[in-house]
Visitor: 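Can you read through this structure? Questions will come right after.
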Amino acid sequence: MTAQPPPPQSTRARVLVPFGIVTLIWGSTWLVIRDQLGVVPPSWSVSYRFLVAGVALLAWSVIRREPGRIDTRGYAFAAALGLAQFVLNFNFVYRAEQFITSGLVAVVFALLLIPNSLFGRIFLGQRMGRQLVIGSAVAMAGVALLFLHEVRSDSHGPVRALTGIGLTLCAILSASSANVMQGTATAKRYPMLRTTAIAMLMGGAFDALWAWFTVGPPVMEWRIGYVAGILYLGLAASALAFPLYFGVIRIIGPAKSAYSSVIVPVIAMALSTVFEGYRWSPLTVGGALLAAVGLVIALTARRPNR
């Protein structure tokens, strides 16, 4: 049997460049989200973020004159995507950070790899080759070491830790559902930028309705750090990062795309070292190295077969 040729250089660039940008941006968001907690209820912060993101992305779609139209089925798809990705996922994440550290949330979120792989196999028929399985095992061993260190160093006690971890697991399932939706034929039928922008706007509106119903009228904090955080999370971490990430999913599938969630905790901890005085231990160093090695092994595997 002849060996399959490696993917063209152009395909590698279409994956690695956006993958790197998304990973760097999302590795920094955990600190910013942590700063958002306090005066403004989490649901309102999530709503502001995705309303800003949706407006910006829709404007960019118009400027680019993105081809294609969205019919009734497309709007229903955008609504489902918005509910899973921009309502449930982020409301769970923001609340999880009220119970556990941002680093631990980032570490637990690396488990996104597991449901993405399983859902991709069930709903998209994408097989996990041996190299992808080996890379996954190595990376998850690294995540386990990071997780062990975070749990040991958490001073909040088991109840708060388990509550935060449970909320993060709910966020993972929501995000994974949205990830797999991007790999379907329905997603590829509609213009990605405009569909994602509509999903963000619908998600932001759902978030606002939920916030008003549960915590009352809008609350705003005019502190420079908070406003700048909303703009960063809305423009860079959402309007820029999500279309790049969804594009990667459409090329290599949700399983391999989820490796961004494996390397993100390492970046989050590195930033925490600089800004929060985070101290590395042998466990965290070993975990970071294993996660990186697993990432390299998995990303060099062939694209999943359909």
Visitor: Hey, what do you get for CG (Leu201) to CZ (Phe86), rounding to the nearest 0.5 Å?
Guide: 10.0 Å
Visitor: Considering all heavy atoms of both residues, which atom of Ala53 and which atom of Ala239 are nearest to each other, and what is their separation?
Guide: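 Looks like O-CB, 3.8 Å.
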Visitor: Describe, in one word, how the ring planes of Phe242 and Phe90 are oriented to each other, choosing from parallel (under 30°), tilted (30 to 60°) and perpendicular (over 60°).
Guide: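 Answer is perpendicular, since the angle exceeds 60°.
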Visitor: What's the shortest heavy-atom distance between Ile249 and Pro254, and which atoms?
Guide: CG2-N, 4.1 Å
Visitor: Test your reading of the model: is there a side-chain donor-acceptor pair from Ser176 to the backbone of Ile172, 3.5 Å cut-off?
Guide: no
Visitor: Between Asp35 and Arg223, is there a side-chain N and carboxylate O pair less than 4.0 Å apart?
Guide: yes
Visitor: Can you name the nearest heavy-atom pair linking Trp212 to Pro218, along with the distance?
Guide: CZ3-CD, 3.6 Å
Visitor: So, for Phe92 and Leu167, which heavy atoms are closest and what is the spacing to 0.1 Å?
Guide: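 For Phe92 versus Leu167, the nearest heavy atoms are CB-O, 3.4 Å.
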Visitor: Donor-acceptor pair, Thr184 side chain versus Met181 backbone, under 3.5 Å?
Guide: yes
Visitor: Keeping Ser174 on the side-chain end and Cys170 on the backbone end, is there a donor-acceptor pair under 3.5 Å?
Guide: yes
Visitor: Determine the minimum heavy-atom distance between Ala237 and Trp26, stating which atoms define it.
Guide: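 Shortest heavy-atom separation between Ala237 and Trp26 comes out as O-NE1, 2.9 Å.
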Visitor: Any donor-acceptor pair under 3.5 Å linking the side chain of Trp44 with the backbone of Gly216?
Guide: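 Indeed, once roles are kept as given, a pair shorter than 3.5 Å links the two residues.
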Visitor: Could you list the donor-acceptor pairs under 3.5 angstrom formed by side chains in residues 226-234, with sequence neighbours left out?
Guide:
| residue | atom | partner | partner atom | Å |
| --- | --- | --- | --- | --- |
| Tyr226 | OH | Ser45 | OG | 2.7 |
| Tyr232 | OH | Ser28 | OG | 2.6 |

Visitor: For Asn91, give me all partners under side-chain hydrogen bond (donor to acceptor under 3.5 Å, both in side chains), at least two apart in sequence or on another chain.
Guide: Ser43, Arg95, Asp207
Visitor: Is it the case that the side chain of Ser47 and the backbone of Gly204 share a donor-acceptor pair, with hydrogens and angles ignored and the cut-off at 3.5 Å?
Guide: yes
Visitor: Taking only residues two or more places apart in sequence or in another chain, which ones pass salt bridge (Lys or Arg N to Asp or Glu O under 4.0 Å) with Glu66?
Guide: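 Per chain and number, Glu66 pairs via salt bridge (Lys or Arg N to Asp or Glu O under 4.0 Å) with no residue.
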Visitor: For the CG atom of Asp71 and the CZ atom of Arg69, what is their distance to the nearest 0.5 Å?
Guide: 6.0 Å
